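A quick note: this is a predicted structure, and the numbers were derived from the prediction, not measured.
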Amino acid sequence: MGDGITKASLVPGGLPDDQYRLLWRQSIAPYFDAEPVERPAPGHKLPDIHQYHLGVAVLASSSFPAQRFKRDRRWMARFEDCDHILFQLLLEGRNRVVNGDAEFTQQQGNVYAVNLARQLDAQSTDASVMTLVLPRTLLREHLPYLSDASGALLPDGSAAARILVDYLVSLYRNLPMAGPDEAESLIRTTMGLMDSLAMSGDLESAAAKDASFAAICRYIERHLGDFDLGTEQICRHFRCSRSTVYRLFKPQGGVWHHIQNRRLIRCMLTITHPKMRHRRIFDIAVDFGFDSASQFSRMFHDHFGMTPSQAREAGLARESGPITPPPVGTNALGTAELMARWATSLTRHLHGGA
């Protein structure tokens, strides 16, 4: 395996076709169920999948015969710890997708967001696809306007779409030469590019909202410690009306709800960080705009289902330091199980857990 970024591959050979198809289906099960559109015939194309583990993200490529992909409420409940956003680039084929109330057709030349917090029903032709899996928690921290994305990420045919497509292809091709210590910076670079394209004004799809929403989200992140942060402060800074701000944040439950959620999440991440163990919990809460210890504790418990002290204890109980993914299985069954485990453990990796 060497000293490179951990990779796992599942390719045909060594198993009867039916058994192999079941293992491929198992490897992607946390994301969705899959069934071939046509009953496989002897000699029919078999799927394959290759995945790189990047600590807090997974980058994968897969090719497969025409498939029906589904993620219904039962599947979502079964894999509730896998509600990530998949950013998918079709290299070959086409995929018609219904993702919650969004309907779109994935085609070559653009990147599409698939939202695993929504039900999914998709049907593809024979296809080859590249997928970047980003946990929703990571997006809420760095790209909040993409944390509920679904559909085309950028306008078809735009320069921004071509740039992002070329970058993802290049990233995948160069991962074999990268070391594990580069994984985090590669993800930061990737999200930075996505953010830059959004802020360029070329991002117009409903999936990613618009540049105004992105700019306000970035402003909120920088000012979470301001006790007066709210609609009026935002309107003054951006010279916009209250109705405009209300409209932009209606899907998030309103401006105040969004701000408080962001404050609570930042508090959680800071409280549970090993380097912050020496700081008083309420001092951290004050840093993020809370001025009442009792109110903070109540809101934190309502949001996370535990007290701030319990969250800190749980955080300190985890192993600190960088995450080292488990070794690749030596057989197809082990590899399929490993890939499934990567999908369901990304959020734990984000918070420093095993």
Side-chain angles (χ1 to χ4, degrees), residues 4-7 50-62 84-91 104 106-116 128-222 262 269 322 342 346-347 349-350:
I5 292 176
T6 302
K7 181 182 180 182
H50 308 270
Q51 293 191 2
Y52 286 95
H53 192 292
L54 294 154
V56 296
V58 166
L59 184 60
S61 70
S62 183
H84 316 312
I85 304 291
L86 311 184
F87 295 96
Q88 295 191 316
L89 164 62
L90 249 66
L91 303 174
F104 51 94
Q106 295 179 333
Q107 303 180 82
Q108 299 173 44
N110 206 346
V111 176
Y112 297 82
V114 174
N115 192 330
L116 297 186
S128 177
V129 63
M130 186 179 300
T131 302
L132 175 64
V133 184
L134 292 179
R136 192 178 308 275
T137 305
L138 185 68
L139 289 169
R140 284 173 175 164
E141 177 68 15
H142 298 284
L143 300 173
Y145 52 93
L146 292 181
S147 64
D148 196 36
S150 182
L153 200 61
L154 295 153
D156 289 332
S158 66
R162 293 193 297 272
I163 290 170
L164 186 56
V165 165
D166 289 347
Y167 170 81
L168 289 177
V169 171
S170 177
L171 174 64
Y172 185 84
R173 287 176 176 169
N174 284 280
L175 280 183
M177 284 75 78
D181 57 334
E182 298 179 87
E184 182 178 348
S185 64
L186 288 171
I187 291 300
R188 285 202 307 267
T189 299
T190 302
M191 292 193 298
L193 176 62
M194 294 167 71
D195 195 27
S196 296
L197 294 174
M199 299 307 292
S200 72
D202 203 8
L203 188 63
E204 298 174 354
S205 69
K209 310 300 189 295
D210 54 27
S212 297
F213 180 74
I216 294 175
C217 285
R218 290 165 63 90
Y219 178 83
I220 288 172
E221 293 300 307
R222 293 194 300 267
R262 295 302 308 144
L269 294 174
W342 283 358
L346 283 180
T347 302
H349 290 164
L350 180 63

Under the side-chain hydrogen bond (donor to acceptor under 3.5 Å, both in side chains) rule, collect the residues that match up with Asn110, sequence neighbours excluded.
Asp156
Heavy-atom check, side chain of [X] versus side chain of [Y], under 4.5 Å:
X      : Y      : result
Leu54  : Ile5   : yes
Leu59  : Leu175 : yes
Arg136 : Asp148 : yes
Met191 : Leu138 : yes

[atom1]/[X] to [atom2]/[Y] distance, rounded to the nearest 0.5 angstrom?
X      : Y      : atom1 : atom2 : value
Ile220 : Arg262 : CD1   : CZ    : 9.5 Å
Leu346 : Thr137 : CG    : OG1   : 10.0 Å
Met177 : Glu182 : CE    : CD    : 10.5 Å

With [X], which residues qualify under side-chain contact (heavy atoms from CB on, under 4.5 Å), at least two apart?
X      : result
Ser170 : Asn174
His50  : Lys7, Ser9, Val11, Asp48, Ser61, Tyr172
Thr131 : Leu86, Gln88, Val129, Val133

Kindly give the heavy-atom pair with the smallest separation between [X] and [Y], and that separation in Å.
X      : Y      : value
Ile85  : Ser147 : CD1-O, 3.9 Å
Phe104 : Ser150 : CE2-OG, 3.8 Å
His84  : Pro135 : ND1-CA, 3.5 Å
Ala57  : Leu134 : CB-CD2, 3.7 Å
Val111 : Leu89  : CG2-CB, 4.5 Å

Show me, pair by pair, the donor-acceptor contacts under 3.5 angstrom made by side chains of residues 160-169, not counting sequence neighbours?
residue : atom : partner : partner atom : Å
Arg162  : NH1  : Gly157  : O            : 2.8
Tyr167  : OH   : Thr190  : OG1          : 2.7

Determine whether more than 12 heavy atoms belonging to other residues, nucleotides or ligands lie under 6.0 Å from atom CZ of Arg222.
yes
Mind checking salt bridge (charged side-chain N to carboxylate O under 4.0 Å, His left out) for Glu184 and listing every partner two or more places apart, or none if nothing turns up?
Arg188
Using salt bridge (charged side-chain N to carboxylate O under 4.0 Å, His left out) as the criterion, list what pairs up with Arg140, not counting sequence neighbours.
none
